There are 2 protein chains.
Amino acid sequence: MSNIELNDKKIQILEVAESLFSEKGFEGTSIRDISKEAKINIAMVSYYFGSKERLLEALILHKTTDLKLQLENLLQENIEPLDKVNKLIEIYINRICLNKGIYRVLHFELNNKKREKSLNAFTELKKGNLKSVESIIKQGQDQGVFRKDLNIPLITPTIIGTFFHFHMNRSFFEELLDLKTEEMFNNYIKNNLTKHIQQTIKALLVYEN
Amino acid sequence: MSNIELNDKKIQILEVAESLFSEKGFEGTSIRDISKEAKINIAMVSYYFGSKERLLEALILHKTTDLKLQLENLLQENIEPLDKVNKLIEIYINRICLNKGIYRVLHFELNNKKREKSLNAFTELKKGNLKSVESIIKQGQDQGVFRKDLNIPLITPTIIGTFFHFHMNRSFFEELLDLKTEEMFNNYIKNNLTKHIQQTIKALLVYEN
DNA sequence: GTTTAAATTAAACAACTGTTTAATTTTGTA
DNA sequence: TACAAAATTAAACAGTTGTTTAATTTAAAC
């Protein structure tokens, strides 16, 4: 079997791995945990991916491929700069929501040791993201809608960081905001958190000191 | 020896543990790693703290005690609301910078399993923080300086999340912004990132749609 | 139906995990 | 100095870890 091609079994393993990694961390998840949950033999992980480390690499590659495309499509759209920024925010939030756990792994398991291969894929993704954001912001600046003295590389951290921090403290906010069900939590993200971030970024982009 | 009292040796172990936990995660760090780095016997961790889990609890308690006090002092200061917010941001950033790794552990090792004791201490800290922020914002609203339709619980995530995301992607930003030394990185935080966050929050607080 | 490769399995591997034990050394006190 | 408590140690503990092996089953090709 090819190492690159992802058949059903491989994908099934990746999905279980994502779920468990995000729940218990990379080190906290054993191959036995994965194979138990995925109902496969322990040896299959090594058989398919070679090692636990390379399973992580495959997982990251699998999950970060199409965001790039999504952003490039947004760039081409012919809409107001501010609407484009708002759409960008929605794409980010949707992305992280969909890929729930993987971002946790990305940010926290990747900063450690070697893992250079996985890290490089992630770095390239971030560079591409930044270029898209830069392009969108500059469109707005050229049209005189956005202020010129913006620190563009810090805009993505503001968007993703806010959302991420909210998500990381999920149980705290669930209690604080009385979000009893999964649905209520997701609705709050959709209706309140997204709006807050959009409002924040708008204020940052257009507010003249 | 008392379980609560922290003598030099206990503190030394806690500091090594913080460093290693933040570097390799809680599960990724073994007691043998800690005792090797701290130049003590393996059994000493159990002897002092009882278990690895309770070592984590002690670490969190040890690191989150005085932030509360710091915020309450800020509340009493008689300065402009906006200056107070800016000071709040500086306190947060300074805090996380000083306690480098522990916040990583706090956010990512605590969300998992039981660990209720550690988690409760952290939740209480967050509740106290929120109350402080609320109080400061309301002062500004009463004075007519801040807008009234703010989602106050989402302000802390905006501040800390932004900073945290920047810190978590440290190596990416080091390369992007050409921050070659530790000093340059810290200076960027002090001069640029802090300013960006303060500017963002100010815009959010005072910008009328 | 036979052959060949892929998929799957149970078992074993050595290394590492957190914790406990029991013996020894150090320290403080009377 | 003698005694008791605290600190420190090496060794062993039972489990778990990621990975490999060699045998067996399944699937595909001819």
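Just so you know, these numbers come straight off a predicted model, no measurement behind them. Just so it is clear: chains get the letters A, B, ... in the order the sequence lines come, proteins before strands, and each one is counted from 1. Because only heavy atoms are used, hydrogens play no part in the values below, and waters and symmetry mates are left out as well, while side chains stay in.
Remark: A:S135 engages no residue in a side-chain hydrogen bond (donor to acceptor under 3.5 Å, both in side chains) (not counting sequence neighbours). Contacts of B:F173 classified as ring-ring contact (aromatic ring centres under 6.0 Å, His included), with partners at least two apart in sequence or in another chain: B:F166. The side-chain hydrogen bond (donor to acceptor under 3.5 Å, both in side chains) check on B:Y188 picks up A:N151, with sequence neighbours excluded.
A salt bridge is absent between B:K87 and B:E80: the closest approach of a Lys/Arg side-chain nitrogen to an acidic carboxylate oxygen does not fall below 4.0 angstrom. We find that B:K127 and A:E175 are joined by a salt bridge, their nearest charged nitrogen and carboxylate oxygen being less than 4.0 Å apart.
In this entry the distance linking NZ of A:K39 with C1' of C:dT9 reads 18 Å, nearest Å. Per the geometry, CE belonging to A:M44 stands 14 Å off C1' belonging to C:dA10, to the nearest Å. Between the NZ atom of A:K36 and the P atom of D:dT17 there is a distance of 10 Å, rounded to whole Å. Remark: P of C:dT8 and NZ of A:K10 are 13 Å apart, rounded to the nearest angstrom.
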Problem set entry | Working for side-chain contact (heavy atoms from CB on, under 4.5 Å), residues A:H165 and B:H165 | CA-CA 9 Å; A:H165 188 272; B:H165 188 273; over 6 Å; no
For this session: Evaluate the criterion side-chain contact (heavy atoms from CB on, under 4.5 Å) for residue pair A:M184 and A:T181; output intermediate values, then yes/no.
Result: CA-CA 5 Å; A:M184 286 170 81; A:T181 64; 3.2 Å; yes
For this session: Go through A:E77 and A:K84 one step at a time and tell me if the salt bridge (Lys or Arg N to Asp or Glu O under 4.0 Å) criterion holds.
Result: CA-CA 8 Å; A:E77 284 191 44; A:K84 208 173 264 193; over 6 Å; no
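In this structure, CG in B:L130 is found 8.5 Å from OG in B:S132, a value given to the nearest 0.5 Å.
Remark: B:K9 fails to qualify as a cation-pi partner of B:Y48 under the 6.0 Å distance and 45° angle criteria applied to the six-membered ring.
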Polar atom pairs (N or O), protein with nucleotides 18-21 of chain D, under 3.5 Å:
residue, atom, partner, partner atom, Å
D:dG18, OP1, A:T29, O, 3.4
D:dG18, OP1, A:K52, NZ, 2.8
D:dG18, OP2, A:I31, N, 2.8
D:dG18, N7, A:R32, NH1, 2.8
D:dG18, O6, A:R32, NH2, 2.8
D:dT19, OP2, A:K52, N, 2.8

Pairs under 3.5 Å (N/O, protein and nucleotides 24-27 of chain C):
none

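Between the side chain of A:K68 and the backbone N or O of A:E124 there is no donor-acceptor pair closer than 3.5 Å.
Overall, the helix from C:dA14-D:dT17 to C:dA30-D:dT1 carries an axis bend of 30° between its ends, with five pairs at each end and the value rounded to 10°.
For A:K9, a side-chain nitrogen or oxygen approaches OP1 or OP2 of C:dT8 to under 4.0 Å.
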